[in-house]
Chemist: 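One structure, as structure tokens, below. Some questions next.
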Amino acid sequence: MEKTLPPAGKLWLVGAGPGDPDLLTLRAARLLESADLVVHDGLVGEGVLALIPSHIERISVAKQRSRHTMKQELINDLLVRETLAGKRVVRLKGGDPFIFGRGGEELDAAREAGVACEVVPGITAAAGCAAEAGLPLTHRADASAVSFVAGQCKDLTDQDWSGLAGRGRTLVIYMGLATATAIADKLIADGVSPDLPVAVIERGTTADVRVLRTLLTDLGDLVAREEVKSPALIIVGAVAARADALDCLGAPALAAAKREFSCDF
């Protein structure tokens, strides 16, 4: 008797962008319509999830600070197992899969298992949220270099950020709310001016977006008094002064004034 081969599955690591479904790539939207299974994380916007047809199976592997519904190793195993079973699997990740999305680890697992895998890039939060806020990450007069760092990594004080912020540079910090005070102290200790402008973009590209601006020395206090919630980006550099943002230096912002922007720097 002829041996029946299992159907050939495939895995796609897909960037969902920063939240707004209109920022999803055409390639990503098409894959969501043709998948057998979508495995998504907690940063994928509701508008993007709404594009997934109801008959397609979904699995949420949302992660929160210090609490994961599924550890990364188990996510890797899930993706490999379902793809080897012959399914067309979309691993849907907020932003871009390869920028603080652990997409590299999932690609490694797929390669090791011999699983066919394709990476579909997405608009990372830094680019999407900054653009919405009118904040150019580079500017001829202010910055010719940009760095992305994670503010939620272990042993933050041991991380070498020297030279990443200051004159002519823009520093974008992902996952930095919980360590905002430590981040400001770290940068100032490294010689960055306490008066350097900072912008905090909360829930960027969504209907609830809030863009706040202050100075580096006030960063931790701003996050606390304004009760900034995740997801949020912190952007440090002269370009932050160009953002369409509410100036919150030293005083609580009024909820009714969220959209009354000032540019006093």
Side-chain angles (χ1 to χ4, degrees), residues 9-19 23-25 27-28 31-32 35-46 48-49 52 57-84 87-129 146-156 158-161 164 171-179 183 201 203-205 229-234:
K10 185 172 179 178
L11 171 65
W12 287 266
L13 306 180
V14 178
L23 296 179
L24 195 68
T25 66
R27 175 71 170 150
L31 287 170
L32 291 181
D36 298 309
L37 170 66
V38 176
V39 180
H40 64 88
D41 64 28
L43 291 178
V44 177
E46 289 298 324
V48 174
L49 294 177
I52 303 172
E57 182 184 2
R58 292 195 222 172
I59 297 177
S60 172
V61 291
K63 299 178 182 180
Q64 297 179 14
R65 182 175 172 82
S66 303
R67 187 179 67 190
H68 295 176
T69 56
M70 188 180 292
K71 292 184 177 180
Q72 187 62 49
E73 294 78 10
L74 295 178
I75 296 174
N76 296 347
D77 292 343
L78 169 68
L79 297 175
V80 168
R81 182 175 65 251
E82 295 295 327
T83 307
L84 288 177
K87 293 182 180 180
R88 295 166 56 88
V89 179
V90 169
R91 173 65 171 110
L92 191 61
K93 309 172 76 67
D96 180 88
F98 281 179
I99 298 183
F100 302 123
R102 304 189 74 169
E105 297 170 51
E106 293 169 355
L107 179 59
D108 288 342
R111 286 171 169 168
E112 186 175 342
V115 165
C117 184
E118 179 183 332
V119 181
V120 179
I123 296 175
T124 188
C129 298
V146 184
S147 299
F148 298 163
V149 300
Q152 194 175 296
C153 53
K154 296 180 179 178
D155 302 318
L156 178 63
D158 294 333
Q159 301 298 313
D160 183 8
W161 290 6
L164 298 185
L171 179 62
V172 181
I173 304 164
Y174 288 68
M175 303 169 287
L177 290 185
T179 53
I183 286 170
I201 306 177
R203 299 185 296 270
T205 79
K229 306 298 182 185
S230 182
L233 281 179
I234 298 170

Chemist: If you look at every heavy atom in Leu13 and Pro97, which pair is closest and at what distance?
Modeler: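 Looking at all heavy atoms of both residues, the shortest contact is O-CG, 3.7 Å.
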
Chemist: Verify, without hydrogens or angle tests, whether Asp41 (side chain) and Gly94 (backbone) share a donor-acceptor contact under 3.5 angstrom.
Modeler: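 Checked: pair present.
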
Chemist: Quick one: do Leu78 and Val80 satisfy side chain to side chain contact (heavy atoms under 4.5 Å, CB included)? Show the steps, please.
Modeler: CA-CA 6 Å; Leu78 169 68; Val80 168; over 6 Å; no

Chemist: Measuring from Lys229:NZ to Leu177:CG, what's the distance to the nearest 0.5 Å?
Modeler: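 Result: 9.5 Å between the selected atoms.
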
Chemist: Do His40 and Val48 come close enough that some side-chain heavy atom pair is under 4.5 Å?
Modeler: no

Chemist: Can you tell if the side chain of Leu32 reaches within under 4.5 Å of the side chain of Leu24, non-hydrogen atoms only?
Modeler: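 They are in side-chain contact.
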
Chemist: Under a 4.0 Å N-O cut-off, is there an ion pair linking Arg27 with Glu118?
Modeler: yes

Chemist: Does the side chain of Trp12 reach to within under 4.5 Å of the side chain of Leu92, using non-hydrogen atoms?
Modeler: no

Chemist: For Leu49 and Arg58, what are the C-alpha separation, side-chain angles and deciding distance, and is it a side chain to side chain contact (heavy atoms under 4.5 Å, CB included)?
Modeler: CA-CA 9 Å; Leu49 294 177; Arg58 292 195 222 172; 3.8 Å; yes

Chemist: Taking C-beta and beyond as the side chain, do Glu106 and Gln72 meet within less than 4.5 Å on heavy atoms?
Modeler: yes

Chemist: Check Phe98 against Val119 and note the closest heavy-atom contact, atom names and distance.
Modeler: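 Minimum heavy-atom contact is CZ-CG2, 3.6 Å.
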
Chemist: Is there a donor-acceptor pair under 3.5 Å between the side chain of Thr205 and the backbone N or O of Cys129?
Modeler: no

Chemist: Which atoms form the tightest heavy-atom contact between Leu37 and Glu82, and what is the distance?
Modeler: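 Taking every non-hydrogen atom into account, CD2-CG, 3.6 Å.
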
Chemist: Walk me through whether Leu233 and Ile173 qualify under side chain to side chain contact (heavy atoms under 4.5 Å, CB included).
Modeler: CA-CA 6 Å; Leu233 281 179; Ile173 304 164; over 6 Å; no

Chemist: May I have the step-by-step check of side chain to side chain contact (heavy atoms under 4.5 Å, CB included) for Arg91 and Ile75, ending in yes or no?
Modeler: CA-CA 10 Å; Arg91 173 65 171 110; Ile75 296 174; 3.9 Å; yes

Chemist: Quick one: closest heavy-atom pair of Ser147 and Leu164, and the distance?
Modeler: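 The pair with the smallest heavy-atom distance is OG-CD2, 3.5 Å.
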
Chemist: Quick check: are there more than 12 heavy atoms from other residues, nucleotides or ligands sitting under 6.0 Å from CZ of Arg111?
Modeler: no

Chemist: Are Pro18 and Leu23 side-chain neighbours, meaning at least one heavy-atom pair lies under 4.5 Å?
Modeler: yes

Chemist: Counting C-beta onward and ignoring hydrogens, is there a side-chain heavy-atom pair between Thr25 and Val120 closer than 4.5 Å?
Modeler: yes

Chemist: Checking Tyr174 side chain against Ala126 main chain: does a donor-acceptor pair fall under 3.5 Å?
Modeler: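 Yes, Tyr174 side chain to Ala126 backbone: donor-acceptor pair under 3.5 Å.
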
Chemist: Tell me the closest heavy-atom pair linking Cys117 and Leu107, and the distance in Å.
Modeler: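 Nearest pair, atom of Cys117 first, then Leu107: SG-CD1, 3.7 Å.
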
Chemist: Evaluate the side-chain proximity of Lys93 to Val14: yes if any heavy-atom separation is below 4.5 Å, no if none is.
Modeler: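 No - every pair of side-chain heavy atoms lies 4.5 Å or more apart.
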
Chemist: What are the two closest non-hydrogen atoms of Gly176 and Ile183, and how far apart are they?
Modeler: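 Closest approach of Gly176 to Ile183, heavy atoms only: O-CD1, 3.7 Å.
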
Chemist: I'd like to know if the side chain of Asp96 and the backbone of Thr124 have a donor-acceptor N/O pair within less than 3.5 Å.
Modeler: no

